[in-house]
Structures are given as C-alpha cells and as structure tokens.
Protein chains: 2
Amino acid sequence: MVTLAEVARHAGVSASTVSYVLSGKRSISTGTRERVERSIQQLGYHPNAGARALASSKSNVIALMMPLRTDMYVPVMMEIAIAVATTARAHGYDVLLLTGDEGPAAVRRVTGSGLADAMILMDVELDDERLPLLRDSERPAVLIGLPADTTELTCVDLDFVATGALCVEHLAELGHRDIAFIGEAPAVYERHTGFAERTLEGLRGKAGELGVRLLHRPCDAGYGPTSATLARVLDERPGTTAFIVQNESAVEPLLGVLRQRGRAVPEDVSVLAICPDQVALQASVRLTSVSIPAEEMGRRAVERIVAKLAGRGEDEVSLITPELTVRASSGNAPG
Amino acid sequence: MVTLAEVARHAGVSASTVSYVLSGKRSISTGTRERVERSIQQLGYHPNAGARALASSKSNVIALMMPLRTDMYVPVMMEIAIAVATTARAHGYDVLLLTGDEGPAAVRRVTGSGLADAMILMDVELDDERLPLLRDSERPAVLIGLPADTTELTCVDLDFVATGALCVEHLAELGHRDIAFIGEAPAVYERHTGFAERTLEGLRGKAGELGVRLLHRPCDAGYGPTSATLARVLDERPGTTAFIVQNESAVEPLLGVLRQRGRAVPEDVSVLAICPDQVALQASVRLTSVSIPAEEMGRRAVERIVAKLAGRGEDEVSLITPELTVRASSGNAPG
DNA sequence: ACGTTGAGTCGAAGCGCTTCGACTCAACGT
DNA sequence: ACGTTGAGTCGAAGCGCTTCGACTCAACGT
C-alpha cells in the first residue's frame with residue numbers, strides 16, 4: 001500500500017503539504033498542487049481510511065439500519081437503501097449496512113467505536129427502544145419514519161396522515177360514499193408501526209369530515225387472505241364502491257379477486273393504492289395511486305445527515321407532501 | 001469517548017494487558033481478566049475502529065457491491081444482502097454497502113484505502129470489467145454469480161445449468177413435449193448476465209437430450225409485454241402445454257393472461273417457476289418451482305470470505321444444487 | 001542448588017494520517 | 001527603510017490501538 005509519506009517523497013514535499021493538498025484546508029501554490037496530484041496519480045495512492053479516521057475522528061461513514069424482515073415493502077426498502085448509498089457517495093460518505101436484529105446494541109457499538117459518524121434508521125416503531133440512545137448520543141441520526149415522540153429527533157417521512165386524507169378526498173370527489181381500506185397485515189398494527197396508524201388516522205379524519213363511510217380491514221399478503229377479507233367486506237357492506245390498498249402485496253390479489261367476482265375496475269369499483277409508482281404501473285390495471293417516494297426519502301435523509309455533520313440543520317420533522325396520480329383504476333361512483 | 005488507556009488505568013493494568021484481554025492473543029490470569037472486563041463494562045468502552053484498523057491493518061469490514069438497478073429480482077437481492085449482513089455480524093464483521101454504479105473505481109477505492117478487508121460482488125456479468133482488478137488484488141473477493149472465466153476467482157451461485165435441466169426433466173416426466181420458456185427481459189440477455197445464459201444452456205441441453213421442443217422468449221415485466229409474448233407463443237406453437245418462467249415479475253401476469261384465455265393451470269397447461277419460495281407461495285396459484293436460495297448464497301459467500309481471511313480456503317466455484325418443489329401448478333400433460 | 005520453561009505482565013515503537021505552531025519570503029503601505 | 005500581512009511550506013505531536021521484545025517469578029526436572 002502506498003502511503004502519504006511516499007507520495008510526499010515522490011513529489012519532493014513534506015507529508016503535511018500532501019495532506020493539505022488533499023483536504024484543501026490551507027492554500028497551496030499551483031505548482032506544488034499539480035506536482036503532488038501527479039504523484040498521487042502515478043503511485044495510485046489512496047488515503048488509509050483507518051489512519052484518517054483516527055487522526056480526524058471522522059470516519060466518513062454513515063450507518064444505515066435496515067429491518068431484518070423481508071416480508072413487507074421490500075421494493076421500498078431496497079429503493080431507499082440504494083438512494084441512501086448513492087446520495088452518500090455523492091457527498092463523500094460510505095454506507096455501513098446494519099440489520100435491525102442487533103437492536104440498541106448496534107447503536108451503542110457503532111457510535112461507541114466511531115465506525116460511523118451518523119446513523120439512518122428505517123422501520124421505526126412508535127415507541128422504539130433505540131430512541132433514548134439516539135437522543136443521548138452526540139452523533140447525528142435521522143429516522144426514516146415517525147415515532148410517537150419526535151422531540152430531539154430528526155425524521156423524514158411521507159406525510160401519511162395527509163396521504164390518507166388525500167385518498168378519501170379523491171374518492172369522495174368521484175362520488176364514493178362507502179369506502180373500504182384494505183390495510184397492512186395485522187402484525188404491522190400490533191407492532192404499532194407509525195406509518196400504518198397515521199394513514200388510518202388521515203383516512204378516518206377525512207372520512208368523518210366528508211361524511212364518508214370507511215371500513216378498515218387489516219389483511220395478510222397473498223390470495224387466500226385477500227379473498228377472505230374481500231368476501232367479508234362485501235358481505236358487511238355490499239354498497240362498497242371503492243377500495244384503498246396500502247399493503248402492496250395485497251394489490252394484485254385484490255384485483256384478481258374483484259375480476260373473479262365480476263366487478264369491473266373502475267366501472268363497478270374504484271381501486272386506489274398507496275404504493276411505489278413501479279407497483280402501480282406494473283399491476284394488471286394501471287393504478288391510481290399515492291406514490292411512496294422511496295428515493296426521495298433516502299436522499300433527504302442523507303442530505304439532513306450531511307447538513308448536521310457540517311454543523312448546519314436543526315432537529316426537525318420533514319414530511320413529504322403526498323401526490324396522487326390518477327390512472328386507470330379510479331372513476332365516478334356507479335349509479 | 002472512553003479509550004483503552006482509561007480502561008487500563010481504571011483496572012490498574014497496562015494498556016497492552018487490556019489489549020490482550022480483548023484479543024486473547026496472550027494468556028491472562030483469571031483475576032486480571034475479570035478486573036479488566038469489569039472496567040470495560042463500567043466505563044462502557046468500545047474499541048476505536050479506526051485505531052484498531054490502523055494498528056492491525058484489518059478493518060473487520062466486508063464490502064458488498066450491489067446492483068443499482070431496482071427493476072429486477074429485488075427480493076432476491078434484498079434477501080442476499082440481509083443474509084450477508086447477518087452472517088457477517090455473526091463472524092465479527094460489518095458490511096459496507098456499495099452500489100454497482102461506481103464500477104471498478106469502487107474496487108480500487110475500497111481495496112486501496114483499507115476500508116474493507118474483502119469484497120462480495122453481486123450481479124456479475126460474464127465478462128465483468130471488475131474481474132481483472134479482483135484477480136490482481138491481494139484482498140479476498142467472492143462473486144455471487146458466475147462470470148465466463150473463473151480462474152483465480154471464488155464464486156458462489158445456484159447451478160443454473162442444472163436448474164434448467166431439472167425444469168425440463170420434471171415437465172418431460174409429466175409427458176410434456178412442447179415447452180415454452182418465458183425468460184428474463186431482453187436487456188438481461190444483452191448484458192450477458194451469466195445466470196440467464198446458463199439457465200438457457202441447461203434447458204436446451206436437457207430438451208435436446210429428451211427430445212422435447214423448447215421455445216425461448218425473453219419477456220419484459222408487466223401485463224402488456226407478457227400478454228403479447230404469450231399470444232405469440234400460442235400462435236407459433238399452439239401445442240404448448242407447459243411454461244417455465246424465470247422473470248419473477250412475469251409470473252403473475254402469465255397466470256392472469258392464462259386465466260383470461262381460459263387455460264386452466266395445471267389441467268390445460270403446467271407452469272413452473274424459477275423464483276424464491278416466497279414468490280411461489282404468494283402467487284395466485286401455488287407454483288411448482290425451483291427455488292432461488294438467496295439466503296444460502298449470501299451466507300455461503302460470507303463463509304468463504306471469512307475462511308479466506310483466516311488463510312483457509314482455496315479459490316473455487318461453489319455451485320448450489322437446485323431443488324424442485326412440486327406444488328399446484330404442474331401436472332400431467334393433457335390428452 | 002541449579003538452569004529451564006512458560007504463564008503473566010509491561011513499556012515502547014509504530015501503524016498512516018491530521019493539525020498546530022512556526023517559519024520564510026515576497027508584497028505592501030507608510 | 002521599516003514593520004505588517006498573508007500565502008506557502010515544514011516539522012513535530014498526537015489520534016488509540018496492536019504487537020514485539022523483555023522482564024519477573026513460580027513451578028519443574030535433575
């Protein structure tokens with residue numbers, strides 16, 4: 001491995017000069033700079049990450065803590081992770097991948113060892129046990145998701161309350177008066193995942209306001225559970241003319257079951273999905289949807305982190321305004 | 001931050017003794033060890049990662065290079081990534097997440113800077129431009145996937161040739177004589193992705209051997225392309241009684257289109273998928289499938305890496321034997 | 001009674017950077 | 001003619017570990 005000292009010798013300058021060329025923290029004459037840069041090129045020098053971290057007490061690494069579960073919103077998680085990695089690189093940071101199963105211990109380990117300068121946490125629960133540690137830690141952290149208490153925390157998330165409201169509003173405008181919400185799996189509500197509860201809050205609030213009847217049914221993924229759920233909904237509320245789906249793995253089953261029962265979309269029933277655009281576009285019917293802006297969430301999270309590491313940026317909750325795209329699955333209420 | 005020196009002072013021993021307690025590289029008396037461990041606990045000490053890396057020239061980090069694309073096999077990628085992270089932690093390593101878009105430069109940067117001790121590469125193309133660098137590098141690397149030339153490389157992959165053969169064999173046994181293979185998107189073949197070509201090789205080889213007719217059609221994801229592809233297949237080969245699908249986002253569209261055309265599965269046509277078990281189980285028909293053992297691939301890759309870092313283990317190609325699970329989508333050929 | 005051995009411990013050097021203070025020297029104003 | 005200023009450079013210290021060599025001392029065989 002080539003060291004900074006070898007570069008210095010090759011360029012005929014001192015080690016500190018090479019360091020200042022690299023960091024730009026002191027002015028360097030053009031001639032010297034060029035000579036050093038040439039030596040770096042010729043020798044194929046890469047600064048040693050460990051030495052740099054030790055001397056500067058900055059690792060230039062951001063830790064990303066992902067959920068271990070692979071049973072839900074996989075495409076969203078993946079897109080966020082890739083956006084985080086890409087944005088981080090653009091700012092000169094690398095990304096350390098942690099899984100959620102280490103829990104609070106991972107937070108302690110990473111912040112304590114200086115492995116990373118900051119953390120991004122996904123899949124935050126309303127009363128997450130990692131939060132006290134983050135509040136105490138002097139290292140910046142950003143949550144993707146919204147816990148119950150956000151004091152002293154920085155969060156980035158889609159505004160799920162507004163998302164729920166927007167869905168009801170759209171359907172109400174089309175004349176729908178009886179809406180069913182096919183939600184996430186029961187386990188998601190039991191874990192008190194923030195986004196699921198907030199969506200429900202937004203849906204119920206707007207439904208109450210506009211005098212629309214709303215039926216909420218958690219639903220496991222797959223054809224069997226969806227079919228059963230749908231049967232119960234249609235039994236209890238035969239007048240249902242619109243469905244809102246949040247669980248992306250229930251989308252295709254729902255469309256399939258509706259087709260089986262001879263209910264045309266959007267003539268007989270409208271379907272509105274809360275899902276990534278890609279899912280909405282690849283479904284068997286092009287879905288009217290509120291998109292989950294995974295890329296933007298990942299990117300914003302990194303930008304906040306970078307700002308905080310640079311000493312700028314307060315703790316704050318940054319909610320992304322939902323956007324509804326009308327496609328082929330929603331239309332006027334029948335009759 | 002608590003340092004090793006503070007732990008030493010607290011425990012009344014020298015710094016090197018604390019270090020040896022931590023590493024176990026020299027014998028320590030029980031009394032001293034316990035005293036040091038108590039001090040570590042009480043002070044909440046975590047060794048500084050940078051200092052450790054600098055002194056030992058080992059970072060205890062494994063880099064994982066993932067494809068940037070989010071348009072294909074997302075669940076597989078995700079499951080591999082999580083298996084890598086989990087297995088790595090179990091061996092005391094952390095995982096650095098790199099995206100493929102930095103290309104060979106990322107390999108140079110990571111190996112040159114000592115950011116990681118080893119690399120795992122996913123989404124390897126047959127003639128990948130990162131391979132020469134890996135062969136030259138003194139740092140261990142493992143590929144998940146199989147390039148054209150595997151000399152001096154360690155690879156882990158599903159045996160896709162055997163997978164293709166297994167699929168044809170199963171269908172031939174059921175009496176099918178006309179099989180259509182709905183492959184990956186055309187772009188995948190154009191990039192010469194190894195697994196796609198190898199699957200085809202296995203399918204064709206076994207089909208030739210058993211005298212079965214095989215039609216190969218690349219197919220983009222979504223209902224439109226799948227529907228069009230299927231129409232062409234049924235036009236050209238009306239006698240087709242079985243489909244093999246590799247592109248997991250074509251699975252549900254294929255089933256939907258078959259249903260629309262009144263072809264019952266498995267009475268009229270058999271469908272066999274090459275996909276993760278989860279996809280096979282959540283489809284509208286429980287699919288007979290050859291599973292893609294994502295978890296095992298990730299785990300094996302890390303185990304190889306760890307072995308190589310410990311000085312054990314040769315360069316070698318490790319192919320996982322495919323397993324076919326019969327479910328509800330395959331049956332005897334009609335007539 | 002003696003050297004030998006190994007368990008247990010310490011001190012110092014060194015890993016490859018960053019950063020501080022100090023120096024030189026030309027340019028500048030008075 | 002003089003001090004002042006800032007651009008440009010260097011040397012040394014220090015970041016927090018690991019590891020080598022050296023030391024002590026009890027246990028052991030002869």
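Chain letters run A, B, ... following the sequence lines, proteins first, then strands; residues in each count from 1. Heavy-atom basis, side chains included; hydrogens, waters and symmetry copies ignored.
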Asker: Where the side chain of B/Leu4 is concerned, which of D/dG16, C/dC17, D/dC17 is the nearest nucleotide?
Answerer: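 The answer is D/dC17.
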Asker: Side chains of B/Pro47 and B/Leu4: closer than 4.5 Å at any heavy-atom pair?
Answerer: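 The answer is no, as the side chains (C-beta and beyond) never meet within the 4.5 Å cut-off.
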Asker: Between B/Asn60 (CG) and D/dG16 (P), how many Å, whole number?
Answerer: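 Result: 19 Å.
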Asker: Quick check on C/dT18: is either OP1 or OP2 less than 4.0 Å from any side-chain nitrogen or oxygen of A/Ser19?
Answerer: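 Yes, within the criterion.
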Asker: Counting only Watson-Crick pairs (N1-N3 plus N6-O4 or O6-N4) and G-U wobbles (N1-O2, O6-N3), all under 3.5 Å, who is the partner of D/dG3?
Answerer: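 D/dG3 is paired, partner C/dC28.
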Asker: Test for a donor-acceptor pair under 3.5 Å between the base of C/dC20 and the side chain of A/Tyr20, counting only N and O atoms.
Answerer: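 Answer yes: a donor N or O sits under 3.5 Å from an acceptor.
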Asker: Can you confirm whether the side chains of A/Arg300 and A/Ser318 place a donor and an acceptor under 3.5 Å from each other?
Answerer: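 Distance-only check passes for A/Arg300 and A/Ser318.
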Asker: Report the residue (B/Ser16 or A/Ala55) whose heavy-atom-nearest nucleotide on DNA chain C is the more 5′ of the two.
Answerer: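 Here B/Ser16 is the residue nearer the 5' end.
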Asker: Take the protein atom CZ of A/Arg26 and the nucleotide atom C1' of D/dG6, then report the distance between them rounded to whole Å.
Answerer: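 To the nearest whole Å, that distance equals 12 Å.
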Asker: I want to confirm an ordering. Mapping A/Lys58 and A/Gly50 to their closest nucleotides on DNA chain C, which one lands closer to the 5' end?
Answerer: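 The residue mapped nearer the 5' terminus is A/Gly50.
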Asker: Among D/dG16, D/dC10, C/dC17, which nucleotide has an atom closest to any side-chain atom of B/Ala51?
Answerer: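 So the nucleotide nearest the side chain must be D/dG16.
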Asker: Take the protein atom CD1 of A/Ile28 and the nucleotide atom C1' of D/dG6, then report the distance between them rounded to whole Å.
Answerer: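 Rounded to the whole Å, the gap is 14 Å.
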Asker: Establish, with yes or no, whether the OP1 or OP2 oxygen of C/dT19 is under 4.0 angstrom from a side-chain nitrogen or oxygen of A/Lys25.
Answerer: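 For C/dT19, OP1 or OP2 has a side-chain N or O of A/Lys25 closer than 4.0 Å.
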Asker: Between B/Ala15 and A/Arg33, who's closer to the 5' end of DNA chain D by nearest nucleotide?
Answerer: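 Its nearest nucleotide lies further toward 5', so the answer is A/Arg33.
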Asker: From C/dG16, C/dT9, D/dC10, pick the nucleotide closest to the side chain of B/Thr32?
Answerer: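 So the nucleotide nearest the side chain must be C/dT9.
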Asker: Across all strands, who's sitting opposite C/dC20 as a Watson-Crick or G-U wobble pair, both distances under 3.5 Å?
Answerer: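 Partner of C/dC20: D/dG11.
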Asker: Whole angstrom is fine here: how far is it from CG in A/Leu54 over to P in C/dG14?
Answerer: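 Interatomic distance, CG of A/Leu54 to P of C/dG14: 17 Å.
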Asker: Does a nitrogen or oxygen in the side chain of B/Arg52 sit under 4.0 Å from OP1 or OP2 of D/dT18?
Answerer: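 True: B/Arg52 side-chain N/O within range (under 4.0 Å) of D/dT18 OP1/OP2.
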Asker: Return the value, rounded to whole Å, for the distance between atom NE2 of B/His46 and atom C1' of D/dC17.
Answerer: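 Between C1' of D/dC17 and NE2 of B/His46: 16 Å.
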Asker: What integer distance in Å separates A/Glu6:CD from C/dC17:C1'?
Answerer: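 My rounded result for the distance is 13 Å.
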Asker: Can you establish whether the number of heavy atoms outside A/Asp127 located under 6.0 Å from its atom CG is more than 12?
Answerer: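 Counting other residues, nucleotides and ligands, CG of A/Asp127 stays at 12 neighbours or fewer.
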Asker: Just by distance, do the side chain of B/Arg135 and the backbone of B/Thr151 share a donor-acceptor pair under 3.5 Å?
Answerer: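 Present.
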Asker: Side-chain donor or acceptor of A/Arg35 under 3.5 Å from a matching atom on the base of D/dG8?
Answerer: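 No pair found.
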Asker: Could you tell me the separation between the CG atom of B/Asn48 and the C1' atom of D/dT18, rounded to a whole number of Å?
Answerer: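 Result: 13 Å.
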Asker: If the cut-off is 4.0 Å, is B/Thr3 near the phosphate of D/dG16, judged by side-chain N/O to OP1 or OP2?
Answerer: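 Answer no for this pair, as no side-chain N or O of B/Thr3 is under 4.0 Å from OP1 or OP2.
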Asker: Looking at B/Asn60, is its backbone amide N or carbonyl O close enough to the side chain of B/Asp117 to form a donor-acceptor pair, meaning the two atoms are under 3.5 Å apart?
Answerer: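 Between the backbone of B/Asn60 and the side chain of B/Asp117 there is a qualifying donor-acceptor contact (under 3.5 Å).
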Asker: C/dC17 P sits how many Å from A/Met1 CE, rounded?
Answerer: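 Nearest whole value for this atom pair: 11 Å.
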Asker: Would you check if B/Thr154 and B/Lys308 make a side-chain contact, meaning some heavy-atom pair closer than 4.5 Å?
Answerer: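 Yes - at least one pair of side-chain heavy atoms lies under 4.5 Å apart.
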Asker: Verify the contact: side-chain N or O of A/Ser29 to OP1 or OP2 of D/dT9, cut-off strictly under 4.0 Å; return yes or no.
Answerer: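 Yes.
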Asker: Is any side-chain N or O of B/Ser56 closer than 4.0 Å to OP1 or OP2 of D/dT18?
Answerer: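 No, because none of the side-chain N or O atoms of B/Ser56 sits under 4.0 Å from OP1 or OP2 of D/dT18.
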Asker: Which one, D/dC15, D/dC17, C/dA7, comes nearest to the side chain of B/Ser27?
Answerer: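 Of D/dC15, D/dC17, C/dA7, C/dA7 is nearest to the side chain of B/Ser27.
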Asker: Is the distance from OP1 or OP2 of D/dC10 to the nearest side-chain N or O of A/Thr17 less than 4.0 Å?
Answerer: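 Yes, because at least one side-chain N or O of A/Thr17 sits under 4.0 Å from OP1 or OP2 of D/dC10.
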